[in-house]
2 protein chains.
Amino acid sequence: MDDIDRRILRFLQKDGRITNIDLSRQIHLSPAATLERVKKLEQSGVIRGYMARLDPETVNLGLLVFIQVTLDRTSPDIFEAFSKALKTIPQVSECYMVAGGFDYLVKARVKDMTAYRNFLGKTLTRLPGVRQTHTYTVMEEVKADPELPI
Amino acid sequence: MDDIDRRILRFLQKDGRITNIDLSRQIHLSPAATLERVKKLEQSGVIRGYMARLDPETVNLGLLVFIQVTLDRTSPDIFEAFSKALKTIPQVSECYMVAGGFDYLVKARVKDMTAYRNFLGKTLTRLPGVRQTHTYTVMEEVKADPELPI
DNA sequence: GGAGACGACGAATTAAATTCGGTTTATCGA
DNA sequence: TCGATAAACCGAATTTAATTCGTCGTCTCC
């Protein structure tokens with residue numbers, strides 16, 4: 001992984017559908033050599049994949065919330081049960097086990113507050129082991145940039 | 001926006017570099033008609049763009065942290081000043097103003113705990129208006145799926 | 001029932017991805 | 001320092017995909 005690779009990654013993060021020819025021009029390499037590097041980055045796992053980024057508003061997911069979740073510590077496999085159940089919930093975009101005060105931090109997207117009340121009561125608090133939740137409603141997205149700083 | 005569009009969005013979220021021909025086969029439409037729909041989704045802003053998803057570990061960003069930030073409420077434009085300063089920090093991938101207990105929730109990626117200590121002391125706590133921070137270190141990624149549930 | 005608009009289709013054209021043989025460049029040991 | 005080896009790069013040829021365009025069918029609204 002050298003500077004040219006990092007430059008490739010920067011461009012591919014900014015525009016995942018840049019043509020190989022345009023990319024090769026940007027990094028001052030032939031199309032063949034550029035393609036070879038990109039394939040290697042894909043096969044080595046540095047590039048996990050490509051995706052379209054959608055506007056949440058236009059697909060009826062205008063409300064973003066973070067939920068702190070604390071579990072009952074009654075059983076050692078309660079974490080396992082909670083994790084497994086959570087993975088299948090479509091509204092949950094991210095979930096992390098964290099150190100420092102509570103157990104899990106959950107990021108979820110729903111249509112509106114009504115949908116969230118429903119989600120919280122009918123789905124989240126009914127997951128195995130959930131003792132307590134605390135909701136943080138996002139009022140403003142100050143920054144939401146999925147690109148990694150290479 | 002009909003079912004065909006939603007189907008297109010699902011495939012493009014899963015693989016942003018799927019060829020138009022393959023996509024057209026998946027949705028049972030001609031390549032020309034498929035391309036026309038994708039272009040419309042792009043121009044209308046439903047599709048914001050395309051990106052390569054990278055593996056944070058392999059690019060030396062193995063530590064993920066969330067930081068709760070509380071600001072001094074001394075001046076009305078302190079929020080503005082904080083927001084503006086924060087946007088330019090590369091380690092910060094996301095930042096939200098939230099309701100419920102504190103002011104901002106910041107998501108940041110760094111190499112390791114040493115880098116984080118440095119980031120916290122030298123950068124984050126020196127931003128305008130920062131009164132208090134609380135760090136949550138991510139121990140495990142239970143789910144991290146950037147696809148929206150269409 | 002008819003006019004207009006929209007969406008879809010298929011063929012033709014343009015452009016890009018991919019392959020391959022040969023050449024240069026970098027690395028490493030003698 | 002020199003030579004051997006491997007890795008990376010290049011340009012041309014080929015395969016494949018994107019894009020354009022003329023036409024047809026279908027839906028909507030008079």
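Throughout, a chain's letter reflects where its sequence line sits, starting with A, and its residues are numbered from 1.
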Show every side chain to side chain donor-acceptor pair (under 3.5 Å) that has at least one partner inside residues 3-16 of chain B, sequence neighbours left out. B:Asp3-B:Arg6, B:Asp5-B:Arg37, B:Lys14-B:Glu147
Chain A footprint on DNA chain D, 5' to 3' - any atom under 4.0 Å from a heavy atom: D:dA8 to D:dG11
What pairs meet the salt bridge (charged side-chain N to carboxylate O under 4.0 Å, His left out) rule with one or both residues in residues 59-68 of chain A, with sequence neighbours excluded? none
According to salt bridge (charged side-chain N to carboxylate O under 4.0 Å, His left out), does anything in residues 117-134 of chain A pair up with another residue at least two apart or in another chain? List the pairs. A:Asp72-A:Arg131
Which residue pairs pass the ring pair (Phe, Tyr, Trp, His ring centres under 6.0 Å) test with at least one member in residues 7-27 of chain B, sequence neighbours excluded? none
Do any pairs count as a ring pair (Phe, Tyr, Trp, His ring centres under 6.0 Å) and have a residue in residues 88-128 of chain A, sequence neighbours left out, and if so which ones? A:Phe82-A:Tyr104, A:Tyr96-B:Phe66, A:Phe102-B:Tyr136
Quick one: CG on A:Asp22 to CD1 on A:Ile27, what's the gap to the nearest 0.5 Å? 11.5 Å
From B:Ser83 OG over to B:Leu71 CG, what is the distance, rounded to the nearest 0.5 angstrom? 8.0 Å
Connected to A:Met139, directly or through other members, by ILVMFWY side-chain contacts below 4.5 Å are none
ILVMFWY clustering at 4.5 Å (side-chain atoms), partners of A:Ile21: none
Which donor-acceptor pairs under 3.5 Å do the side chains of residues 39-59 of chain A make with protein atoms, sequence neighbours left out?
unit_1  : atom_1 : unit_2  : atom_2 : d
A:Glu42 : OE2    : A:Tyr50 : OH     : 2.7
A:Ser44 : OG     : A:Lys40 : O      : 3.0
A:Ser44 : OG     : A:Leu41 : O      : 3.3
A:Arg48 : NH2    : B:Asp55 : OD1    : 3.0
A:Tyr50 : OH     : B:Arg17 : NH1    : 3.4
A:Asp55 : OD1    : A:Glu57 : N      : 3.3
A:Asp55 : OD1    : B:Arg48 : NH2    : 3.0
A:Thr58 : OG1    : A:Asp55 : O      : 2.9

Flag the pair B:Val92 / A:Lys143 as yes when at least one side-chain heavy-atom distance between them is below 4.5 Å, and no otherwise. yes
Taking side chain as C-beta onward, heavy atoms only, is A:Leu105 less than 4.5 Å from A:Met97? no
Can you pull every protein N or O that's under 3.5 Å from an N or O on nucleotides 15-19 of chain C?
unit_1 : atom_1 : unit_2  : atom_2 : d
C:dA17 : OP1    : A:Asn20 : N      : 2.7
C:dA17 : OP2    : A:Asn20 : N      : 3.0
C:dA17 : OP2    : A:Ile21 : N      : 3.1

Taking DNA chain C as the partner, which of residues 1-16 of chain B come within under 4.0 angstrom of it by heavy atom? none
Please list, in numerical order, the residues of residues 46-55 of chain B that have a heavy atom closer than 4.0 Å to any atom of DNA chain D. none
